[in-house]
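Below, chain A is the first sequence line, B the second, and so on; all start at residue 1.
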Amino acid sequence: MMKFVTRRVLQAIPVLLGVTVVVYAILLAAPGGPEAKFAQNPRITQAQKDSFRKAWGLDQPIPIQYGRWMGILNPSGEGLGVLIGPAGLPNFLPTPLSGATNGVLHGDFGYSIDSGEPVSNRIIRAALPTFILAGTALVLWIVVAIVLGVYAAIHRYSLFDQGATVFAYVGYAMPTFWLGIMLIFAFSGPGLNILPAGGMTETRISPPFGSPEYWVYFGSNTPQALGDIAKHLVLPVITLVVVNIAGDSRFVRASMLESLGQDYVRTARAKGLPARTVNFKHALRNALLPVVTNIGLEIPFLFTGAIVTETIFSWPGIGKLTIDATRDFDYPILMGVLLVTSVMVVLANLLADILYGVIDPRIKY
Amino acid sequence: MTAAAATTGASTPHSDGDRLLDVRNMQTRFHVMDGVVPAVDGVSFTLDRGRTLGIVGESGSGKSVTALTIMRLLDIPPAEIGAGSEAWFDGRDLLALSESEMRKVRGKDIAMIFQEPLTSLNPVFTVGAQIAEQVQTHLHVRAREAWSRVVEMLRLVGIPSPERRAKQYPHELSGGMRQRVMIAMALSCEPKLLIADEPTTALDVTVQAQILELLKTIQQRTGSALIMITHDLGVIAETVDDVIVMYAGQVVEQGSVADVLLEPRMPYTMGLIESIPTVEKRGGRLSAISGVVPSPFHLPPACRFEPRCPYAWDTCRDRMPDLSVTRDAERHARCHLHVAGAASRLEAAVSQHRQNMRVGRQLTDSV
């Protein structure tokens with residue numbers, strides 16, 4: 001098992017290096033570039049544009065730019081000196097050795113053009129809200145999808161099953177942005193004005209979420225603060241779970257139906273076991289094998305969140321960070337988010353594989 | 001269609017106290033997309049305690065469905081059990097029991113062994129746990145006692161180091177070993193009736209013989225009755241006392257195994273026996289029954305075997321024959337050859353069969 005995990009982690013390294021190249025290439029191919037944000041601003045002079053390009057290294061050849069982003073090259077070096085970090089050792093070594101910052105290999109993913117902070121700070125700050133929203137949604141939709149799918153499979157073609165099928169088709173087909181707006185329309189505006197339309201906290205009562213002042217407020221008013229977040233979670237969570245329950249409940253239903261049709265289920269019935277044991281022990285245990293793998297693959301969602309939903313509900317998470325960065329031509333942020341997402345996907349795949357080996361006695365690593 | 005109801009074939013002269021199973025006019029239909037399939041159509045037979053009965057027939061003849069109907073393991077719908085069907089077991093009609101009563105019968109009084117032991121065992125539980133579960137359900141014993149019963153049963157079916165094997169998963173055992181586990185499971189609650197549905201079909205030939213031998217010795221030791229469902233006449237010859245032959249959902253012949261195999265009285269049975277390849281017939285063409293099994297949607301209106309029967313005449317196309325007593329007592333055949341006035345035709349059929357069989361002596365040896 002350890003050997004398998006080690007091998008898979010080592011295999012991930014070249015994959016992730018490839019990902020950095022692809023991420024860089026994709027954003028390079030996109031029209032614009034960081035300086036595009038000045039395109040519509042007549043007050044910016046050519047000299048100012050040039051100094052911007054020089055400051056962010058945009059005047060350098062592309063391999064050099066990539067090297068700087070990765071943290072292999074030192075932006076302040078000259079000639080071959082670009083390879084040497086501030087501490088006199090090769091620049092690509094970890095920060096404590098090389099003294100270098102400003103790069104993927106140094107963990108800060110460079111600096112945000114917009115705010116000048118390390119990209120990692122911005123990502124970490126946005127990660128908690130996303131984790132809260134996506135985590136709540138993920139747990140809820142998995143539980144509901146399993147219950148719904150299993151029940152529908154056991155009572156196949158019943159009224160409940162038909163209803164679940166209709167819900168799945170409608171839910172799956174409904175665009176998130178439309179559902180989100182309709183929910184706001186119904187519950188926080190013209191209809192019932194009972195839930196907040198956006199944000200994560202009531203800004204009139206509490207300091208902005210994530211700021212040091214907020215945590216002071218959170219410490220002294222924990223129940224109210226949690227209740228406030230919960231209230232803000234309702235609509236975005238509903239928006240997220242509908243489409244995902246629709247998809248996953250179908251998956252669970254199909255898996256459970258397949259399991260119920262197996263010979264060992266007939267054996268279990270022939271043994272005289274109660275229907276409950278046959279369904280929930282013999283069939284469900286097998287039906288959940290592919291479902292668990294599927295859940296493992298959905299885990300990156302905890303980080304990436306949902307761009308559309310976060311934007312609609314002004315949720316200060318990764319999705320909103322991505323959209324804001326796109327609007328502001330903040331390339332380092334975009335590349336950072338894309339790269340971290342890729343790492344999450346690779347890790348989730350590994351986790352799914354390991355999990356599968358744990359729950360299925362037939363799989364041995 | 002219900003003609004068979006008239007004859008509840010008693011092939012052995014035992015008293016009613018010995019009677020374990022009495023199936024009367026069983027009808028099982030499947031409602032499918034294209035219509036209704038009469039999978040079992042008026043089947044009747046009896047089985048006494050401790051006796052063995054073979055059910056032979058081709059795929060689709062209704063032999064497995066007969067067993068699944070007795071066990072009430074078919075999903076209803078799409079299956080439908082016809083009104084008037086009865087399956088008396090130990091004084092109770094199984095088909096009239098409530099589901100919870102039936103659950104106490106399954107695995108306890110009647111146990112079943114299936115064809116494919118790998119898929120019939122749950123891959124994610126150890127074999128010991130799967131047997132223990134049944135023991136605990138029916139015998140209401142503690143986990144520790146159930147486990148010692150598991151080990152005892154695995155030892156009984158000839159599994160070496162049963163303590164270790166009980167903790168293994170099905171995929172860690174060989175095919176023959178898995179079928180032994182299935183047998184141990186079936187016998188764990190000392191059933192009065194064991195139904196084996198093609199128990200050796202998925203196994204290697206050498207393992208087949210071992211499993212049959214095991215079933216026979218265990219059946220003799222425990223005294224349970226056995227229904228052996230198979231398409232393999234060799235298996236029948238080696239394991240059972242009585243046999244019923246099924247064709248297109250009906251019983252077409254029944255009697256003692258020696259009578260049916262050596263002196264078949266129904267052209268379908270004759271054809272089945274003639275088509276067994278033997279060493280003596282090596283080099284020649286394999287003989288086969290001409291034609292194909294009729295589609296369940298387009299059954300012949302009268303005798304269902306008539307389109308394939310070499311001895312059929314006008315009567316066979318006019319009405320369906322009853323499963324009636326033949327001139328040899330204790331035997332039943334569903335064939336017009338046995339009505340009065342067809343004596344010469346029967347004579348011709350029998351002598352033709354003898355001629356076809358003159359080189360094949362192998363069955364004589366095994367009976």
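Of the possible polar contacts, one joining the A:Lys271 side chain to the B:Gln130 backbone as a donor-acceptor pair under 3.5 Å is found.
Looking at B:Met182, the atoms closer than 4.5 Å to chain A (heavy atoms on both sides) all sit in the side chain, from C-beta outward. Looking at B:Thr137, only its side chain comes within 4.5 Å of chain A, counting heavy atoms on both sides. Contacts of B:Leu121 with chain A are made by backbone atoms alone, with heavy-atom separations under 4.5 Å and no side-chain atom involved. Within the 4.5 angstrom heavy-atom criterion, atoms from both the backbone and the side chain of B:Glu133 approach chain A.
For OH of A:Tyr169, the number of neighbouring non-hydrogen atoms (other residues, nucleotides, ligands) closer than 6.0 Å is 12 at most. Annotation for B:Phe30: atom CZ counts as buried by contact number, over 12 foreign heavy atoms lying within 6.0 Å. Surrounding CG of A:Leu10 are more than 12 heavy atoms belonging to other residues, nucleotides or ligands, all under 6.0 Å away. Atom OH of A:Tyr356 sits in a crowded spot, with more than 12 heavy atoms from other residues, nucleotides or ligands closer than 6.0 Å. Atom CD of A:Glu258 has 12 or fewer heavy atoms from other residues, nucleotides or ligands within 6.0 Å.
With rounding to the nearest 0.5 angstrom, the CG atom of A:Asp263 is 11.0 Å from the CG atom of B:Asn122. For the atom pair CG (B:Asp75) and CZ (A:Arg156), the distance works out to 10.0 Å, reported to the nearest 0.5 Å. Atom CZ of A:Arg269 and atom CG of B:Leu68 lie 9.0 Å apart (nearest 0.5 Å).
Put simply, of A:Val265, A:Thr277, A:Asn286, the one with the most heavy-atom pairs under 4.5 Å next to chain B is A:Asn286.
Here the shortest heavy-atom pairing between A:Arg266 and B:Ser120 reads NH2-OG, 4.3 Å. Shortest non-hydrogen contact noted between A:Pro361 and B:Pro123 is CG-O, 3.5 Å.
Screening A:Ile359, A:Leu289, A:Leu288 for a side-chain contact (heavy atoms from CB on, under 4.5 Å) with B:Val124, the sole residue that qualifies is A:Leu289.
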